[in-house]
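Naming convention: chains lettered A, B, ... in sequence-line order (proteins, then strands); numbering from 1 in each chain. Just so we're clear, the structure is a prediction, and the values are computed from it rather than from any experiment.
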Number of protein chains: 2
Amino acid sequence: MNSDFTLAIHSLTLLALQPDRMATSDIISESAGVHPVRIRKVLSLLKKHGFIKTKEGTGGGFIFASELSEVNLWDIYKITSEGALQPKCPDSNEKCIVGANMQKVLFSIFLGAEEHLGEYLKNYTIKEVVHHINLEK
Amino acid sequence: MNSDFTLAIHSLTLLALQPDRMATSDIISESAGVHPVRIRKVLSLLKKHGFIKTKEGTGGGFIFASELSEVNLWDIYKITSEGALQPKCPDSNEKCIVGANMQKVLFSIFLGAEEHLGEYLKNYTIKEVVHHINLEK
DNA sequence: CTAATCTGTAATGTTTATTATCACAGTACA
DNA sequence: TGTACTGTGATAATAAACATTACAGATTAG
């Protein structure tokens with residue numbers, strides 16, 4: 001799994017903490033320790049799903065566009081990383097009962113695993129993450 | 001996540017289907033489509049935990065050493081891939097409230113996620129996987 | 001007892017995935 | 001009209017996964 005999921009959470013949390021003004025990709029990238037272009041790419045996904053708004057030009061940037069308690073981590077996972085749990089099986093031997101069928105068996109197991117993970121992630125919203133961040137202060 | 005987890009499942013399933021005789025790393029690697037050395041590395045982990053037995057020399061190889069229904073996928077996950085869910089966060093900015101604390105917040109979330117995944121994986125044993133493989137025939 | 005056939009494992013090379021960087025078009029504002 | 005942003009494609013650098021080589025140690029067959 002790449003870190004788009006955690007980058008998205010990081011960015012949203014930062015935006016949640018300054019709901020009144022926009023944050024640029026430079027500011028967010030400095031907080032997250034990654035390149036600003038990556039921030040723009042990940043956040044453009046979140047924009048497409050309406051979680052944030054963006055503005056180009058001077059004074060522009062990114063800003064939260066929904067209720068903190070309505071954005072849960074499962075939503076974000078699906079947008080950034082759906083299918084990431086799924087293992088990339090090498091082409092196994094079709095002549096072997098196991099090789100020929102293992103891939104689809106594993107596929108169904110991991111599909112179930114991802115759904116199960118979803119049940120857990122649905123319980124976490126950005127509001128909770130922000131709360132945890134504040135507790136750590 | 002690398003594919004050690006699925007390789008282990010694949011190998012155990014193959015061994016489960018021929019409980020009477022040993023399988024060499026060459027045979028298993030041919031079924032799984034990977035290099036025999038990888039099979040030996042992954043299976044040596046399973047051996048350490050007593051799930052299989054090995055024998056060196058002519059006629060040697062790997063063989064199942066426990067009850068199919070007592071080897072569940074969570075056991076195997078823990079052996080091969082524990083912590084794999086955990087995202088590798090880049091060093092974020094310590095001067096930023098979010099950057100400074102996000103890592104430990106994410107850590108606790110992903111720890112919970114892995115435990116939750118465990119509850120799902122515990123329900124799958126090699127016996128079930130073998131059963132699914134046979135159904136696909 | 002010697003050659004053949006295995007596992008065990010370290011070391012190294014190759015490939016693939018992830019991430020960073022560059023380049024530049026488009027938008028908004030002063 | 002210049003400056004400060006996002007949006008996005010293309011390419012380069014880095015890191016992770018995987019394959020390959022090499023060889024020591026165990027076991028068996030002849």
Mind calculating the distance between CZ (A/Phe5) and C1' (C/dT18) to the nearest angstrom?
18 Å
Is it true that B/Asp75 and B/Lys122 have a side-chain N and a carboxylate O under 4.0 angstrom from each other?
no
Does a side-chain N-to-carboxylate-O contact under 4.0 Å join A/Asp4 and A/Lys41?
no
For B/Leu46 and C/dT7, what is the distance between atoms CG and C1' respectively, to the nearest whole Å?
14 Å
Just the rounded figure in Å: distance from P of C/dT16 to CG of A/Asn2.
18 Å
Within residues 23-38 of chain B, residues whose heavy atoms come under 4.0 Å of DNA chain D
B/Val34, B/His35, B/Val37, B/Arg38
Name the residue closer to the 5' end of DNA chain D, choosing between A/Phe62 and B/Met1 according to the nucleotide with the nearest heavy atom.
A/Phe62
Separation between CE of B/Met102 and OG of B/Ser92, rounded to the nearest 0.5 Å:
8.5 Å
Between A/Arg40 and A/Thr24, do the side chains contain an N or O donor and an N or O acceptor separated by less than 3.5 Å?
no
Separation of B/Leu43 atom CG from C/dT9 atom C1', in whole Å?
14 Å
Parallel under 30°, tilted from 30 to 60°, perpendicular over 60°: which one fits the rings of A/His132 and A/Tyr124?
tilted
Respond yes when some side-chain nitrogen or oxygen of A/Ser3 is under 4.0 Å from OP1 or OP2 of C/dT19, and no when none is.
yes
Could you say whether B/Glu56 or A/Glu56 is positioned toward the 5' end of DNA chain C, judged by the nucleotide with the nearest heavy atom to each?
B/Glu56
Can you find a heavy atom in the side chain of A/Phe110 that is under 4.5 Å from one in the side chain of B/Thr6?
yes
From CD1 (B/Ile76) to CG (B/Leu45), nearest 0.5 Å:
11.5 Å
Students often get this wrong, so: under 4.0 angstrom with heavy atoms, is A/Lys53 touching a base, only sugar-phosphate, or nothing?
nothing
Counting the atoms with a prime plus P, OP1 and OP2 as sugar-phosphate, which does B/Lys41 contact under 4.0 Å by heavy atoms, base, sugar-phosphate, or nothing?
base
How close or far is atom P of C/dC29 from atom CE of A/Met22, stated in whole angstroms?
10 Å
Shortest non-hydrogen separation from A/Asn123 to A/Glu128 and the atoms involved
O-OE1, 3.1 Å
Tell me: CG of B/Leu45 to P of C/dT7, nearest whole Å?
15 Å
Side chains of B/Glu114 and B/Tyr77: is there a donor and an acceptor less than 3.5 Å apart?
yes
Grab the CZ-P distance between A/Arg40 and C/dT27 for me, whole Å please.
16 Å
What are the bounds, 5' to 3', of the part of DNA chain D that sits under 4.0 Å from heavy atoms of chain B?
D/dA17 to D/dT28
